[in-house]
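Taking it in order: structure first as structure tokens, then the write-up.
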Amino acid sequence: MSTSRLSRRSLLALTGVGLTSGCIRQLESTFSRDHQQQLSFSIKTVPADADAVATKVARYLATQLQRVGISASVVPVSREELLRSVLLNHDFDVYVYRFPLPWDPDFLRPLLHSRYAPDVGWQNPFGYGDLSLDSLLERQQTERGVVRTSTLTDAQHRIAENQPFTPVAIPHTARATRPDRVDWPVDEPIHSVAAYLGARPVETRRFPSRVPPTAAVGNVTTNESTQTTPATTDTATDAPQATNRLRMTMTDARPTENLNPLSTPFRSDGTFIRLVYDSLGRVLDDEMHPWMAASWDWLDDDSSTLSVRLRDDLEWHDGNAITAADVAFTFRFLADTSLGSLDQLVPSPEYRGRASLVDSVSAASSREVHLGFGDVDEAVALRALSVPILPEHVWEPYARPTSVSWLDGGRVTEALVRNNLEPVGSGPFRVTGTSFRESLSLEPFDAHFLATQTLDESLARFEGGFAFDGLEFIVAPSGGSAIKLLSDGVVDATAGLLSSDAVKSALATPDISVRTGVSQWCYHVGYNLRKPPFTNPRFRRAVARLVARPYLTESVFDGRAYGVMSPLATTEFSPTGESWTAVLDELRFVGNHRTGSLDTSSARSLFEDAGYTYSKSGELLVQR
């Protein structure tokens with residue numbers, strides 16, 4: 001504020017001692033106003049070249065906040081820095097990004113339960129505490145059917161009313177392909193393990209490239225003879241040639257820098273990790289199916305213990321045999337990556353929520369492991385089977401404590417911070433090379449059970465393993481450059497999501513088609529409830545009412561998104577009915593939600609109702 005101030009002592013000296021109590025109250029009021037300043041905070045997000053949608057939503061929010069008198073500014077940081085700030089250091093005011101939406105709604109429990117507020121990762125990064133919600137989140141994991149749906153409805157009411165975060169939209173996905181080159185499974189997102197395993201070459205002819213290989217495309221292999229051979233489509237066969245590699249673009253270079261499955265700042269949707277690391281079960285067609293496990297059953301004499309039997313002859317990528325001891329080690333390691341060497345547990349932030357479902361683990365034999373669960377329903381318990389299984393002989397040495405400059409205090413182990421660029425997993429692919437910020441190369445793991453074993457009905461479509469000789473991911477700086485590589489025949493499809501402009505470019509390009517779907521993450525506004533003014537739920541609700549979802553889905557998402565008030569809005573657990581409508585009405589946008597035009601006067605009254613005052617010049621004030 002620019003107004004000159006008098007100190008309390010000076011003011012009292014000037015006015016003397018003959019003041020009435022009314023005058024004193026007036027002076028106290030004047031004194032308080034003098035110590036109020038404009039409310040200001042930052043909105044962290046990623047740069048536009050990393051996620052244009054997140055940047056646009058953040059800028060939109062900053063503009064709306066400025067209109068109601070708040071000095072809000074957008075601070076773009078890299079993906080790694082944003083996730084470190086939000087998930088590890090809790091060093092933020094507000095952020096705009098996306099969080100993953102796992103297949104089971106139990107993900108809300110670690111996301112919002114107060115028990116996880118001191119934790120890191122996607123364990124309550126907001127610092128939210130609500131005992132009523134805690135109770136609902138605990139109940140839902142013990143229930144099923146309509147009872148669980150009812151409990152989750154109540155939970156969504158609590159979340160919407162208190163706004164620990166503000167959901168914005170669940171976007172559609174869009175990826176481009178060359179259908180004349182690769183036949184992709186119809187029902188699978190292209191960038192998924194199931195899609196890569198189900199992809200088949202359309203033909204065995206050698207594909208010509210209209211551009212010579214350059215440094216920009218990394219270590220793509222190009223057969224010289226293919227550059228002059230015209231394309232034909234009349235020699236289709238199931239057998240790929242020796243030079244056949246499935247080549248993809250990605251705009252996120254982080255997998256070329258770090259392949260540690262435990263590293264939260266470098267992980268996104270988990271596809272790269274699932275290519276390299278197997279889990280006991282995998283979600284296929286919205287159900288958990290045995291994967292590296294041959295089967296599992298609940299023990300007759302102990303209904304809380306699951307007996308999991310591994311498939312025969314499983315191997316790690318280094319040739320060592322996989323045993324039940326590795327599985328038991330994995331769950332102990334995810335619960336405490338220090339393996340007891342420190343006075344407090346150092347759990348894996350990436351898998352804390354799922355690993356916490358397991359109370360005990362023991363190897364009953366070389367192929368059988370027993371997992372003991374607490375009071376959780378069987379369907380919820382199966383979430384724990386999706387964690388990556390780690391080789392004990394590789395990871396045990398990294399239980400040592402260490403320190404890193406980017407973590408503010410706390411305990412950390414080498415396991416959580418190593419880059420792991422030569423991963424030893426057991427997945428259907430093994431890493432053969434990385435080029436920093438340029439490319440990632442994989443090849444099929446010949447000893448994998450998909451390639452060597454007869455499979456049951458749920459996995460039969462993957463029998464025989466990968467149909468190509470290799471899988472290549474090439475970093476493209478933007479969606480436009482990815483479409484150029486695709487058009488030039490350098491790659492076969494895009495793994496990263498395309499912006500609206502890139503989609504239009506793809507649709508205007510011959511031989512390219514676009515595959516769309518619904519994403520598994522939610523764009524949202526996250527608040528740090530560890531500091532004011534975000535400790536005030538009325539303030540958060542007022543901010544939430546500045547978000548015009550219909551306007552954003554049209555202007556920012558180009559119509560390719562669902563505007564949502566709950567992260568479960570696109571699931572069978574989405575609330576309905578008058579009470580939910582009433583909740584939504586109380587959170588409706590203040591203004592024209594189609595144009596995004598804000599009713600500034602009404603919006604400001606929301607902040608006044610939340611206990612804040614305005615200066616004469618329209619600044620929203622906060623006492624310092």
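When His113, Arg109, Arg115, Gln123 are each tested for a side-chain contact (heavy atoms from CB on, under 4.5 Å) with Ser356, only one passes: Arg109.
By the neighbour-count criterion of 12 heavy atoms within 6.0 Å, atom CZ of Arg158 is densely surrounded, having more than that number from other residues, nucleotides or ligands. Within a 6.0 Å sphere centred on CZ of Arg594, other residues, nucleotides and ligands contribute 12 heavy atoms or fewer. Counted within 6.0 Å of OH on Tyr614, heavy atoms from surrounding residues, nucleotides or ligands total more than 12; the atom is thus considered enclosed.
Here Ile190 contributes atom CD1 and Glu188 contributes atom CD; the two are 11.0 Å apart, rounded to the nearest 0.5 Å. The distance from atom CG of Leu137 to atom CG of Asp130, rounded to the nearest 0.5 Å, is 8.5 Å.
The side-chain contact (heavy atoms from CB on, under 4.5 Å) check on Thr613 picks up Gln36, Leu621, with sequence neighbours excluded. Glu161 is linked by a salt bridge (Lys or Arg N to Asp or Glu O under 4.0 Å) to nothing, counting only residues two or more places apart in sequence or in another chain. With sequence neighbours left out, Glu554 forms a side-chain hydrogen bond (donor to acceptor under 3.5 Å, both in side chains) with no residue at all. Taking Asp134 as the reference, nothing meets the salt bridge (Lys or Arg N to Asp or Glu O under 4.0 Å) condition, with sequence neighbours excluded.
Inspection of the Thr151 and Arg139 side chains reveals an N or O donor paired with an N or O acceptor under 3.5 Å. Side-chain N/O atoms of Arg515 and Thr177 include no donor and acceptor closer than 3.5 Å. For Gln520 and Asp269, the side-chain atoms include no donor-acceptor pair closer than 3.5 Å. Donor-acceptor pairing under 3.5 Å is recorded for the side chains of Ser602 and Asp599. Ser617 and Ser615 form a side-chain donor-acceptor contact under 3.5 Å, judged by distance and modelled atom types alone. The closest side-chain donor-acceptor pair between Ser71 and Gln38, if any, does not fall under 3.5 angstrom. A donor atom on one side chain and an acceptor atom on the other are found under 3.5 Å apart for Asn258 and Arg267. Checked by atom type, the side-chain pair Gln163/Thr166 shows a donor-acceptor distance below 3.5 Å.
Taking the six-membered ring for Trp and the full ring otherwise, the centers of Tyr527 and Tyr128 sit at least 6.0 Å from each other. A centroid separation of less than 6.0 Å is found between the aromatic rings of His172 and Tyr562.
Put simply, the side chain of Arg175 never gets that close to the backbone of Leu497: no donor and acceptor are under 3.5 Å apart. Proximity of a side-chain donor or acceptor of Asn536 to a complementary backbone N or O of Ala610 within less than 3.5 Å is detected. Listed for the Gln156 side chain is a donor-acceptor partner under 3.5 Å among the backbone atoms of Leu152.
For residues 41-60, the ring pair (Phe, Tyr, Trp, His ring centres under 6.0 Å) pairs, not counting sequence neighbours, are Phe41-Phe534, Tyr60-Tyr551.
The aromatic rings of Phe99 and Phe107 are tilted relative to each other, their planes meeting at an angle between 30° and 60°. Ring pair Tyr612/Phe539 is tilted by interplanar angle, where 30° to 60° counts as tilted. The aromatic rings of Trp122 and Tyr95 lie tilted to each other, with the angle between the two planes from 30° to 60°.
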Could you pull out every donor-acceptor pair under 3.5 Å between side chains of residues 578-588 and any protein atom, sequence neighbours left out?
residue: Thr581; atom: OG1; partner: Gly577; partner atom: O; Å: 3.0
residue: Glu586; atom: OE1; partner: Arg541; partner atom: NH2; Å: 3.4
residue: Arg588; atom: NH1; partner: Asp585; partner atom: O; Å: 2.6

